[in-house]
Protein chains: 2
Amino acid sequence: MKRTLSVVEYSGDEECMASIAKAISHPVRIRILKLLTSQQCCFTGELTEIIPMAQSTISQHLKALLDSGLIQGEINPPKVRYCIHRENWLKAYSMFGGFFNADLACRCDCR
Amino acid sequence: MKRTLSVVEYSGDEECMASIAKAISHPVRIRILKLLTSQQCCFTGELTEIIPMAQSTISQHLKALLDSGLIQGEINPPKVRYCIHRENWLKAYSMFGGFFNADLACRCDCR
DNA sequence: TTTATTAATCGTATATTTACGATGAACTAT
DNA sequence: ATAGTTCATCGTAAATATACGATTAATAAA
C-alpha cells in the first residue's frame, strides 16, 4: 500500500540531539573534546601538533564543533584559543542523560 | 613545517563513542529510539505506519541502529519486533554520562 | 616594509549517507 | 499450490562528509 511520504517534520529536541550527536560522531572530534576538557583549560592549535592530521582538516573539525555549540573560540592573534562552551556542554549533558535515562529503557519481554 | 600524517589511531573508547553517536546522529533514528523506549515495550514495523518514510528507508535506519548495538530484533514471522538492547543502552548511558560529566568541563578563563 | 606565524578558507577527490522504488525471501493463510 | 504479508536487500541518484594541499587574511616581529 502506498503511503504519504511527505517530508518528515522533527521536533526541536530531535534536531538538537541529532546535531550534537553528529558533532561527536567522528573519533577525532571526540579526541579534541577530550583534550579540551582534560587540559582543564583552553587550548589552541597545538592540536595540530598532537594530532597527525593536516592543519586544514583539523580546522575543519574545529569548525564542526564550533557549529555544534560544544566549543567556543577566542581569537588571540595570531592564535586562537578553543575551549568547551560550558553552558552548551551542560545542556548536552542533561539532554543525553535524559535520553539514555536508564529507567526508560525497554521493559519488554523480548529475549 | 611538514608533519607526519600517518594514519591516526583511535582508542576503543573513542571509536565506540563515535559509532554510537553516529547511530543517533539522524533525527529519525532518535525518533525511533524514543518510540522504542516510550512504548515501554517492544515494537515492530508499525514504525512504517507512524513515520512517513519509505519502508526500505526505515529498514535501513533500523539496520544502522542494530549495527550500533542500541537495539535488538526478534524475528516473529512474518513480523519482526524491535526493542532497546538494554545492556548496551546502559553502557551508552554511562559512556555519554562520563563523557559529558559536568565536573570535567572547562575550568578555563576564556570569555 | 618585509618576513614569519597562525589559522581559516578554497578547490577538489573520494567515500559515505540518505532517500527512493523494485525485487526477493520467509512465512501464513487459503 | 496460490496468494498475501512483512521486511530485508539491491540498485541507484543525490547530498554530505572527510581528507588533502594551496592559498589567503590577520597579526607580530624584524
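All chains are named by letter (A, B, ...) in the order of the sequence lines, taking the proteins before the strands, and each is independently numbered beginning at 1. Side chains are part of it too, since the values below use all heavy atoms of this structure and drop only hydrogens, waters and symmetry mates. Just so it is clear, the model here is predicted, and its values are computed rather than measured.
The residue among K79(B) and H61(A) whose nearest nucleotide of DNA chain D lies closer to the 5′ end is K79(B).
Looking only at distances, a side-chain donor or acceptor of S38(A) sits under 3.5 Å from a matching main-chain atom of K34(A). Without hydrogens or angle criteria, N76(B) side chain to R81(B) main chain gives no donor-acceptor distance under 3.5 Å.
Atom C1' of nucleotide dA8(D) and atom CD1 of I71(B) are separated by 13 Å, given to the nearest angstrom. Distance CG (L47(B)) to P (dT6(D)): 14 Å, rounded to an integer number of Å. Rounded to whole Å, atom P of dT16(D) lies 16 Å from atom NZ of K22(B). In this structure, Q60(B) atom CD and dA13(D) atom C1' are separated by 13 Å, rounded to whole Å. Here the P atom of nucleotide dG21(C) and the CE atom of M53(B) are 12 Å apart, to the nearest Å. The nearest whole Å value for the distance from the CZ atom in R81(A) to the C1' atom in dT5(C) is 18 Å. Put simply, CG on N76(A) is 13 Å from P on dA8(C), counting in whole angstrom units. Atom OH of Y10(B) and atom C1' of dT18(D) are 10 Å apart (whole Å).
With Y82(B) as reference, L66(B) is the one residue of L33(B), L66(B), L65(B) to meet the side chain to side chain contact (heavy atoms under 4.5 Å, CB included) rule.
Contact check of residues 62-70 of chain A against DNA chain D (heavy atom, cut-off under 4.0 Å) returns no residues at all. Of the residues in residues 23-32 of chain A, not one comes within less than 4.0 Å of DNA chain C through any heavy atom.
R29(B) approaches K22(B) most closely through the heavy-atom pair NH2-O, 3.2 Å. In terms of heavy-atom proximity, F100(A) sits nearest to A92(B) at CE2-CB, 3.7 Å. Summarising the geometry of W89(B) relative to N101(A), their closest heavy-atom pair is NE1-O, 4.2 Å, with the distance given to 0.1 Å. Pairing each heavy atom of Q72(B) with each of H85(B), the nearest pair is OE1-CA, 3.9 Å. The shortest non-hydrogen separation linking L70(B) to A23(B) is CD1-CB, 4.3 Å. Among all heavy-atom pairs drawn from S25(B) and A21(A), the shortest one is CA-CB, 3.8 Å.
Of the candidate nucleotides dC20(C), dA8(C), dA8(D), dA8(C) has the atom lying nearest to any side-chain atom of Y82(A). Minimum atom distance to the side chain of V80(B) is reached by dA8(D), of the listed dG21(C), dA19(C), dA8(D).
The line from OH of Y10(A) to CD1 of I30(B) is 10.0 Å long, rounded to the nearest 0.5 Å.
Distances shorter than 4.0 Å separate some side-chain N or O of S59(B) from OP1 or OP2 on dA8(D). For the pair T57(B) and dC20(C), the criterion of a side-chain N or O lying under 4.0 Å from OP1 or OP2 is met.
At a threshold of 4.5 Å between non-hydrogen side-chain atoms, the residues L47(B) and L62(B) count as touching. Considering only heavy atoms from C-beta on, I51(B) stays 4.5 Å or farther from T57(B) through its side chain.
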Can you pull every protein N or O that's under 3.5 Å from an N or O on nucleotides 22-30 of chain C?
none

